[in-house]
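Below, read A as the first sequence line, B as the second, and so on, with proteins coming before strands; counting in each chain starts at 1.
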Protein chains: 2
Amino acid sequence: MKINGTPYRTIWPTSDGTVEIIDQTRLPHVFATLRLTSMRDAEFAIRSMQVRGAPLIGVTAAYGVALSMKHHASDAALTATCDMLAKARPTAVNLRWAIERMRDFLSPLPASERAAAAWLEAGRIAEQDVEINESIGRHGLALIRALHQQKNDAVNILTHCNAGWLATVDWGTALAPIYAAFEAGIPLHIWVDETRPRNQGASLTAWELAQHGVPHTVIVDNAGGHLMQHARVDMVIVGTDRVTATGDVCNKIGTYLKALAAFDNGVPFYVAMPTPTLDWTLQDGVREIPIEERAEEEVTHIDGLCDDGQLRRVRLTPQGSKAANYGFDVTPARLVTGLITERGLVAANSDAIRSQLKNT
Amino acid sequence: MKINGTPYRTIWPTSDGTVEIIDQTRLPHVFATLRLTSMRDAEFAIRSMQVRGAPLIGVTAAYGVALSMKHHASDAALTATCDMLAKARPTAVNLRWAIERMRDFLSPLPASERAAAAWLEAGRIAEQDVEINESIGRHGLALIRALHQQKNDAVNILTHCNAGWLATVDWGTALAPIYAAFEAGIPLHIWVDETRPRNQGASLTAWELAQHGVPHTVIVDNAGGHLMQHARVDMVIVGTDRVTATGDVCNKIGTYLKALAAFDNGVPFYVAMPTPTLDWTLQDGVREIPIEERAEEEVTHIDGLCDDGQLRRVRLTPQGSKAANYGFDVTPARLVTGLITERGLVAANSDAIRSQLKNT
């Protein structure tokens, strides 16, 4: 999508065999790109959340494998590379999916061919992500159009965290239907959950919607229930990091609370889900999905822009108070109206998921 | 309660006829007191949230009337004072309750007696608040003790916003049972919702619990649902700004989301409610209680302590993204396990409220 009028992707190969990314830790106040020249750069970019969002993490890991193969392409190097990259973020299934795809693709090849092949395969994963998101956008657009026709007024959509184009290679997952509806001329207004502790909503979703001209309002994560009680939300669309075979949805911490409020107020709650995000091995999301615990400092401190133009970190909590930082939660399938996939809308239950997606 | 070993209240009269308060806008990083010398000082303290919390707002307004009467004690001055103070915060019913009590008490008196009488009456309101909170603490203690006996391990209590002693004259409402249980030697651990946008949990609740030595952990507002899904919360206790005759509870924005999660996970959800907080005139909280909309800047910016020791305000959102800031939400009575009042535990329904509290 566009930044200040110029089309961008979140990750792109350069002519000299490195990879560039947008440094998302500096948004929304500073727009800067970074060059990844090694697997360790890619691993650091994932771990430090310079890149984030399940699909983009997967593509970055794939390019990480490709960068590694340029230097060491033995079986041992391939194994070590894949193992290290897989540990960069524990929750995202796309990360493991992309790494396994690279491993399966590269293992049968002679070491001498792996570097070039890895580069091409990483590129194919990136293109496939863009295609998937365009399809999610098309299927989600139909839902938004129906709401607009029913209401005959601007459609109010609430989203949590950032599942926009910044979370993918392009288009986004949860925001793809919103961009598609915006391009189709449907009047929209987006409620953007700020999404503590890392504020991906306030800093990334708000920024990309602003760059694209989509009307939106930032709210604290506490506000969505109140807005739904007062019929100010027509639908919720969120992304996901992992979906079980039964339709339980793991997504950014706080998603479950919004799903409860949507259910309590009869607001449709949709999850935009690229099918690689499905984890066929899991049945019970709350019990089985490990939830990443992140650094306490993400809760106790926050970064922002000072009046003097400097980016600064400030402490929010008293000295001597500890903090806990759970990255994700699980929304049970019973609260999910539907999964918007690249293959169409799928109900969040085992039967529908199996029958519509099993041959993916 | 104690600050660094010294007993304090949140508001106290001085020997020279002024009033001192703790400036709560500078906590938790700076502990400072302020002197109120006029009704306008009191009105500003309420409006700017140097004092906050329904009971403390009421007492501050009462002292505001008393400060005003020292200068002008005519009927017209009394009316103007009460009208101006009542507008300082639109949602808190205690504010109006305290002002009406002062007006009713002072109106029949000759103007010459009003200053001295107002001073005494404000003091009585403050003492009554302390007594009410001690009683709430006693009744809540019984609930915590029962949970402890059942569990035979530390009791995990989640609280939202600050309904501690900083929100009252002393003890607090939601935290009074916690302080009482702590004094009784019951092992406790408190999950402190940071409570965006103003972070009263991270800055005030965490601070007062730390000062008193109560074990606690600060979490983002998004985390409570996840913790409840994993049986990490044994009960929720929150304060309230207004309760309807039917038991609907108006409290800090986000309370409704925690109540939904508690209900979904079978976690008891209690509201500590001084009976002056009851609004007998209201039947339907969601429809009838006006929700204060506050400045956008409370969402887009945040204050904190920089590494260099300076308190600074940083911007969180991109330029060009607007924000909305709803101060409160309403939790329907069906989600409330019980109201902990100074007269005992009361079920959140019209019959119980009428039969147990109507003769208050």
Side-chain angles (χ1 to χ4, degrees), chain A residues 27-29 191-192 194-197 199 202-203 206-207 209-210 216-227 229-230 252-258 260-261 264 286 291 299-307 311-326 328-330, chain B residues 27-29 191-192 194-197 199 202-203 206-207 209-210 216-227 229-230 252-258 260-261 264 286 291 299-307 311-326 328-330:
Chain A
L27 292 175
H29 310 297
W191 295 109
V192 179
E194 66 171 346
T195 320
R196 287 280 291 148
N199 275 35
S203 57
W207 184 81
L209 291 174
H216 64 283
T217 304
V218 178
I219 49 174
V220 295
D221 303 307
N222 285 322
H226 169 70
L227 292 170
Q229 285 179 314
H230 291 271
K252 186 60 53 192
I253 190 85
T255 301
Y256 166 54
L257 294 172
K258 292 303 138 57
L260 284 168
D264 199 45
V286 173
I291 299 298
V299 176
T300 59
H301 292 68
I302 199 166
D303 297 330
L305 186 68
C306 260
D307 273 354
L311 289 177
R312 292 184 199 270
R313 175 163 297 186
V314 295
R315 185 180 180 91
L316 304 176
T317 53
Q319 299 285 350
S321 290
K322 63 178 181 155
N325 184 7
Y326 303 92
F328 300 86
D329 64 21
V330 174
Chain B
L27 293 175
H29 310 297
W191 295 109
V192 179
E194 66 172 346
T195 320
R196 286 279 293 148
N199 275 36
S203 57
W207 184 81
L209 291 174
H216 65 282
T217 304
V218 179
I219 50 174
V220 296
D221 303 307
N222 284 322
H226 168 70
L227 291 170
Q229 284 180 315
H230 291 270
K252 187 61 51 191
I253 190 85
T255 301
Y256 166 54
L257 295 171
K258 292 303 138 58
L260 285 167
D264 200 45
V286 173
I291 300 297
V299 175
T300 59
H301 292 67
I302 199 165
D303 297 329
L305 186 69
C306 260
D307 273 354
L311 289 177
R312 294 185 197 269
R313 174 163 297 185
V314 295
R315 185 179 180 93
L316 303 176
T317 54
Q319 299 285 349
S321 290
K322 64 178 182 156
N325 184 8
Y326 302 92
F328 300 86
D329 65 20
V330 173

Would you please name every residue forming a ring pair (Phe, Tyr, Trp, His ring centres under 6.0 Å) with His216(A), sequence neighbours left out? none

Among Asp307(B), Ile253(B), Asp329(B), which residue has the highest count of heavy-atom pairs closer than 4.5 Å to chain A? Ile253(B)

Roughly how far, to the nearest 0.5 Å, is CZ of Arg313(B) from CG of Leu305(A)? 13.5 Å

Which of the residues Leu311(B), Asn325(B), Leu260(B), Val330(B) is involved in the greatest number of heavy-atom pairs with chain A at under 4.5 angstrom? Leu260(B)

Enter the distance from Arg196(A):CZ to Glu194(B):CD here, rounded to the nearest 0.5 Å. 4.0 Å

I'd like to verify something: which residue of Ala210(A), Pro197(A), Ser203(A), Gly320(A) has the highest number of heavy-atom pairs under 4.5 Å with chain B? Pro197(A)

Closest heavy-atom pair and its distance - Trp191(A), Ala324(B): CZ3-CB, 4.1 Å

Contact between Ile302(B) and Ile302(A) at the side-chain level, heavy atoms closer than 4.5 Å - yes or no? yes

Tell me which of these, Ala261(B), Cys306(B), Ser321(B), has more heavy-atom pairs under 4.5 Å with chain A than the rest. Ser321(B)

If you tally heavy-atom pairs under 4.5 Å against chain A, which of Thr300(B), Ile219(B), Thr195(B), Asp264(B) wins? Asp264(B)

Residue pair Thr217(B) / Ala323(A): nearest heavy atoms and the distance that separates them: CG2-C, 3.6 Å

What distance do Arg315(B) atom CZ and Asp303(A) atom CG have between them, rounded to the nearest 0.5 Å? 15.5 Å

Ranking Lys258(B), His230(B), Gln319(B), Lys322(B) by heavy-atom pairs under 4.5 Å to chain A gives rank one to Lys322(B)

As an exercise: rank Asp221(A), Val192(A), Thr255(A), Asn199(A) by heavy-atom pairs under 4.5 Å with chain B and give me the winner. Asp221(A)

Taking salt bridge (Lys or Arg N to Asp or Glu O under 4.0 Å) as the test, write out the residues that go with Arg312(B), two or more places apart. Asp308(B)

To the nearest 0.5 Å, tell me how far Leu227(A) CG sits from Tyr326(B) OH. 5.5 Å

Mind listing the closest non-hydrogen atom pair of Ala202(A) and Pro318(B) along with its distance? O-CD, 3.0 Å

Are His226(A) and Val286(B) side-chain neighbours, meaning at least one heavy-atom pair lies under 4.5 Å? no

Let's test your reading of the structure: which of Val299(B), Leu209(B), Leu27(B), Val218(B) forms the most heavy-atom pairs below 4.5 Å with chain A? Val218(B)

For Leu257(A) and Asn222(B), the nearest pair of non-hydrogen atoms, with its separation, is CD1-O, 3.7 Å

